[in-house]
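In what follows, chains are A, B, ... by sequence order, proteins preceding strands, each numbered from 1.
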2 protein chains.
Amino acid sequence: MNSLPATATEHERLIRKLASIAVLTAAERDALAGLPLRLRSIPENTDLVHEGETPSECCLIVEGFVGRYKLLGQGQRQIMSFHIPGDIPDLHTLQIRVMDHSLGALAPCRVAYIPHAALTDLVRTHPGLCTALWRDTLVDAAILREWLANIGRRNAHQRLAHLYCEIYMRLHAVGLAEGRRFVFPVTQAELGDAQGLSTVHINRVLQDIRRDGLIASDGTETVISDWLRLQAAGDFEPEYLHLRPDAGAEFHTRSAISARVVVGRASPTLT
Amino acid sequence: MNSLPATATEHERLIRKLASIAVLTAAERDALAGLPLRLRSIPENTDLVHEGETPSECCLIVEGFVGRYKLLGQGQRQIMSFHIPGDIPDLHTLQIRVMDHSLGALAPCRVAYIPHAALTDLVRTHPGLCTALWRDTLVDAAILREWLANIGRRNAHQRLAHLYCEIYMRLHAVGLAEGRRFVFPVTQAELGDAQGLSTVHINRVLQDIRRDGLIASDGTETVISDWLRLQAAGDFEPEYLHLRPDAGAEFHTRSAISARVVVGRASPTLT
DNA sequence: CGCAGATTTGAATGCAATCAACACTGGTGG
DNA sequence: CCACCAGTGTTGATTGCATTCAAATCTGCG
């Protein structure tokens, strides 16, 4: 149940994601599984949607990595969130038609487009899914708040450590991180635009963090070498992700939650 | 219609706010006007709700000023948003039970508590209000994104100019700013915690902005002396507030001309 | 008046940006 | 097959915006 490797279907990705933050009934899962999807492959560094548009579909990320960003007056870029498979980063267009930011593929992506009409039907016929989708946009906002605190009040080392904790936990919650390993295909320039730091400084701080033995990187994959120290370094407390206990309980270090049975065993070969 | 002075009732405040971002039918206004409210006065510097709680009511701000904040590990505070009369800053507790941040009164407030049960009834019987409330939380998130860009990529002068533009437009949209005057009862220390800057630096930058003739302050009220130059100084474009045209159309000056058609991506080095 | 909170000013320090090269990688085309 | 190129990562030197520390007003208020 915990491992849902790259073979998952598009609908499974979405269901898995929503199940990580809300309780879904069997009927609701079925309804989600019946959503009409239009699949597309998106090359790296191209926009899924951009600022000013009024899309009539939402993008479900099936594979890859997406960044939400704004371009500011002086040509600077601020990346405001990272999005992973299972996310619908423009779900808000159901209620706010015009995009006030852009969504770009940070890595080659497979995206499933869902017509707005299908989603509005869904929430009308399934109030529980209305709740779940609303909740999804609220978790998105909660993550945004944590990023704001991160950028506003933490130094570069803390920011990066915190970001790696978050990305790991989110990937883990949808079955995309096994054994504290995961792929995080984001360049240092993009990390800088996400953290409000320069590329050069990202590079130096990342070296520090690697040298301290908190994370390591073997080519395409990132490994968290010392989860507890990384959490401490990033002042990271995962409550803001609002994950359901069975998706994240093992990480709630502060609030004492009973140990859970680990289903997915440590597989020597990953992915 | 545009002026709704301090005499407005609690329900009118809420209706006025929602009408500034969504279309409300007569029936929906009536339903809102029938909401049960429990009124309370909150002294300055006390919390309405705080992190970790699971409230069973939402707070409608009727009068005063509220800040949403988190306390970080090293005793620092990050204020993540300001809230004004008409706002329901903890509306998200309808869907996410546990607060991941606190709400504090930055000025003496009058607050109307609305039971969750009344709100869930409301959205069940009035789908249009479900849409409006969902949309309200999404506008909240859009403002958060702009704050993130503000703190991440703008310098202190731009940040403060931008903030003053936003506060003015939001107050104006609910009838609380006449003639570019408004009360903004926030200390420089609080501004610093909101902008990720030190109190001392806020003080110096505010002096600059006043000296440049962008804003002025006569005791309790703030006046925007030069709206166009303040907008320019803050790189401010109001689309992200998602105000309905009759609430904010007069301000869409710059962006109406320079349509934001951004093709391609920001190259981090475009010298 | 006396006090606490808020604002203001000065001086020294520091974190991160900027500027400028250089190394490394994978992909492209001659 | 190799030269070339663009994107990415790395390093050094310098600059600057903002912080920190400290203390002096200013303000409202009991």
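Taking side-chain N and O atoms only, Q195(B) has no distance below 4.0 Å to OP1 or OP2 of dA18(D). R210(B) has a side-chain polar atom (N or O) that falls below the 4.0 Å cut-off from OP1 or OP2 of dT8(C).
Going from atom NE2 of H201(A) over to atom P of dC19(C) covers 17 Å, rounded to whole Å. Atom CG in L197(A) sits roughly 14 Å away from atom C1' in dC17(D) (whole-Å rounding). Between the CG atom of L206(B) and the C1' atom of dA6(C) there is a distance of 13 Å, given to the nearest Å. For the pair L191(B) CG and dT19(D) C1', the interatomic distance rounds to 17 Å; values are reported in whole Å.
Put simply, the side chain of Q158(B) gets close to the backbone of N155(B): a donor and an acceptor are under 3.5 Å apart.
No donor-acceptor contact under 3.5 Å links the side chain of R204(A) to the base of dG9(D).
Classification of E63(A) and R13(A) as a salt-bridged pair fails, no side-chain N sitting under 4.0 Å from a carboxylate O.
Residue contacts shown for G196(B) are limited to sugar-phosphate atoms, with no base heavy atom under 4.0 Å away. If you check every strand for non-hydrogen atoms under 4.0 Å, S198(B) touches a base. If you check every strand for non-hydrogen atoms under 4.0 Å, R154(B) touches nothing.
For the pair N203(A) and R153(A), nearest-nucleotide mapping onto DNA chain D gives the more 5' position to N203(A).
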